[in-house]
Amino acid sequence: MRVLLAEDDDILADALAEQLGNAGFQTQVAADGRTALEALTSQPFDVAVLDLGLPKLDGLSVLKAVREVKPALPILILTALDGLEHRVAGLNAGADDYLTKPFDFPELEARIRALLRRFKPQAGSTVSLGALSFDREARRAVVDGEPVELSPREWELLDLLLTQRDKVVTKDEIAQAWDLDRNQGGPSSIEVYIHRLRRKLEPSGVSIRTVRGLGYLLELQA
């Protein structure tokens, strides 16, 4: 598995690269935002670990630019900025996870592997609803023959909603599927992804209804 580690602290970058290598990952280090952006947009990676405070181009700008060309790449933000506003900004920009410094390496490794599990194709048949076709095995979502680009968390969310199509999916169930806790933005980040997915599903005739006080329900519009 290839990891792009964007970190400008040489000592920390070297230590993490060594630890990731010992854990079985092939790690490429980028010491500034421009180098990270060039690598992420021109080379294949399985996951990216991105510091926000990068020189030359800040991590948030890198994240937004990468999301334009690789919407499904799992990206974990690793930063000393631990305020709620920073976590929400990172998740809104397209991050799939957020870990603050200082941290223990086993937690970083666990979060990376959790992202990779979400990205891994799942066995199962194609599900169709309205003009939406959802193929778990091929990891493809199509509306009227046109592919729908989904981030890993959007993919997990749609899969969960389709699996429980006739049931209300609670925020706790979504958080559990994402390995999300309240320190990572909690309910507010879930609402962000619900809003994004709603917009992407609009052409399909499939909608996500908010059931006040309970959760979300996938419906086919009349």
Between Asp58 and Leu60, is there a donor-acceptor pair closer than 3.5 Å when you use the side chain of the first and the backbone of the second? yes
In terms of heavy-atom contacts, Glu154 and Lys200 come closest through OE1-NZ, 2.7 Å
Show the nearest heavy-atom pair for residues Thr79 and Ile77, with the distance to one decimal. CG2-CG2, 3.6 Å
Under 4.5 Å between side-chain heavy atoms, hopping through other hydrophobics if needed: is there a path connecting Ile208 to Val127? yes
If only atom types and distance count, is the side chain of Arg2 paired as donor or acceptor with the main-chain N or O of Gln26 below 3.5 Å? no
Donor-acceptor under 3.5 Å (Arg34 side chain, Leu57 main chain): no
Is there a path of hydrophobic side-chain contacts, each under 4.5 Å between heavy atoms of I, L, V, M, F, W or Y residues, that connects Val3 with Phe103? yes
Any sub-3.5 Å donor-acceptor pair from Arg67's side-chain atoms to Lys70's backbone N or O? yes
Do you know which two heavy atoms are closest between Leu217 and Val168, and how far apart they sit? CD1-N, 4.0 Å
Could you give all pairs that pass the side-chain hydrogen bond (donor to acceptor under 3.5 Å, both in side chains) test and reach residues 5-25, with sequence neighbours left out? Glu7-Lys101
Report yes or no: does Thr35 contribute a side-chain atom to a donor-acceptor pair with the main-chain N or O of Ala31 at less than 3.5 Å? no
Correct closest heavy-atom pair for Leu73 and Val47 would be CD1-N, 4.0 Å
Can you name the ring-ring contact (aromatic ring centres under 6.0 Å, His included) partners of Tyr193, sequence neighbours left out? Trp178
Can you list everything that forms a side chain to side chain contact (heavy atoms under 4.5 Å, CB included) with Arg212? Sequence neighbours excluded, please. none
Measure the shortest side-chain to side-chain distance between Leu50 and Leu76 over non-hydrogen atoms and say whether it is less than 4.5 angstrom. no
